[in-house]
Amino acid sequence: MHLYDSTIPSGNAYKVQLLLAHLKISYQTTSLNIVATPSETRTESFLKLNPNGRIPVLVLDDGTPLAESNAILFYLAEETPFLPSDRLARAQVLQWLFFEQYSHEPYLAVWKFQTYWGDISRLAESEVKKLKEKGQAAIDVMERHLEGREWFVSEQFSIADVALYAYTCAAEAVGFSVGENVRAWLARVESVEGHVRIRKDPTGKCPL
Ligand SMILES: N[C@@H](CCC(=O)N[C@@H](CS)C(=O)NCC(=O)O)C(=O)O
């Protein structure tokens with residue numbers, strides 16, 4: 001398998017790297033410069049892999065490209081302990097994957113990007129307010145769901161946890177407030193055997 005990720009640490013690529021590490025699957029990597037203008041994800045050859053021009057893309061051994069981080073997680077986790085076999089539990093995993101993409105990542109990922117590699121002073125005040133409020137709201141949803149629970153679905157570590165961990169692990173560092181349930185869950189994810197940290201930022205802008 002071949003994973004297209006980015007030179008700067010991307011949480012969306014990290015999800016895939018984290019699951020591949022847990023699954024002990026070896027793979028090759030091409031890291032694209034997404035802060036170049038234009039981004040290296042917008043070349044003709046990369047757009048053939050993902051017409052949406054974004055990493056991560058996993059190219060399977062038969063050459064088929066698969067884009068969208070959570071779709072890649074779902075593909076890799078099939079018939080492994082990281083995706084429950086029960087019908088409702090699988091739908092609940094999807095519930096959290098969709099939550100992550102609609103209510104969480106658009107705020108936490110963008111805020112993290114702007115904090116370390118962007119220029120917050122160039123953002124409109126209303127945009128800053130939206131990113132902060134909606135990002136915090138997503139973390140608060142997680143905090144409430146984790147009350148009395150160890151994991152997001154079925155009391156087992158699954159790709160729902162992997163997907164949500166990727167940006168939540170940086171939440172406090174970029175100024176969000178993290179409650180005790182989320183804090184304990186972050187530590188739990190990090191203690192699962194096979195856990196790997198997100199890659200270091202070669203530009204040195206992100207200290208995580
Ligand atoms: N929904 C997509 C989002 C992917 C995404 O936003 N990728 C960013 C890096 S985290 C990217 O490729 N940015 C480069 C660009 O937009 O040109 C996923 O989950 O994979």
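All of these numbers come straight from a predicted model, not from anything done at the bench. Atoms within a ligand are numbered from 1 in the order they appear, just like the ligands themselves.
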Ring-ring centroid check Phe152 His145, cutoff 6.0 Å
yes
Under a strict 4.0 Å criterion on non-hydrogen atoms, which protein residues are in contact with ligand 1?
Ser10, Asn12, Ile34, Ser39, Thr41, Arg42, Gly53, Arg54, Ile55, Pro56, Glu68, Ser69, Gln101, Tyr167
Sequence neighbours excluded, the answer for side-chain hydrogen bond (donor to acceptor under 3.5 Å, both in side chains) partners of Glu127 is none
Give a yes or no on whether the ring-centroid distance for His195 and Tyr165 is below 6.0 angstrom.
yes
Any chance the rings of His2 and Tyr27 have centres within less than 6.0 Å?
no
Side-chain donor/acceptor pairs under 3.5 Å, residues 92-102, sequence neighbours excluded:
unit_1, atom_1, unit_2, atom_2, d
Glu100, OE1, Lys15, NZ, 3.0
Glu100, OE1, Asn70, ND2, 3.1
Glu100, OE2, Lys15, NZ, 3.0

Holding to ring pair (Phe, Tyr, Trp, His ring centres under 6.0 Å), I want the full list of residues that pass it with Tyr14, two or more places apart in sequence or in another chain.
none
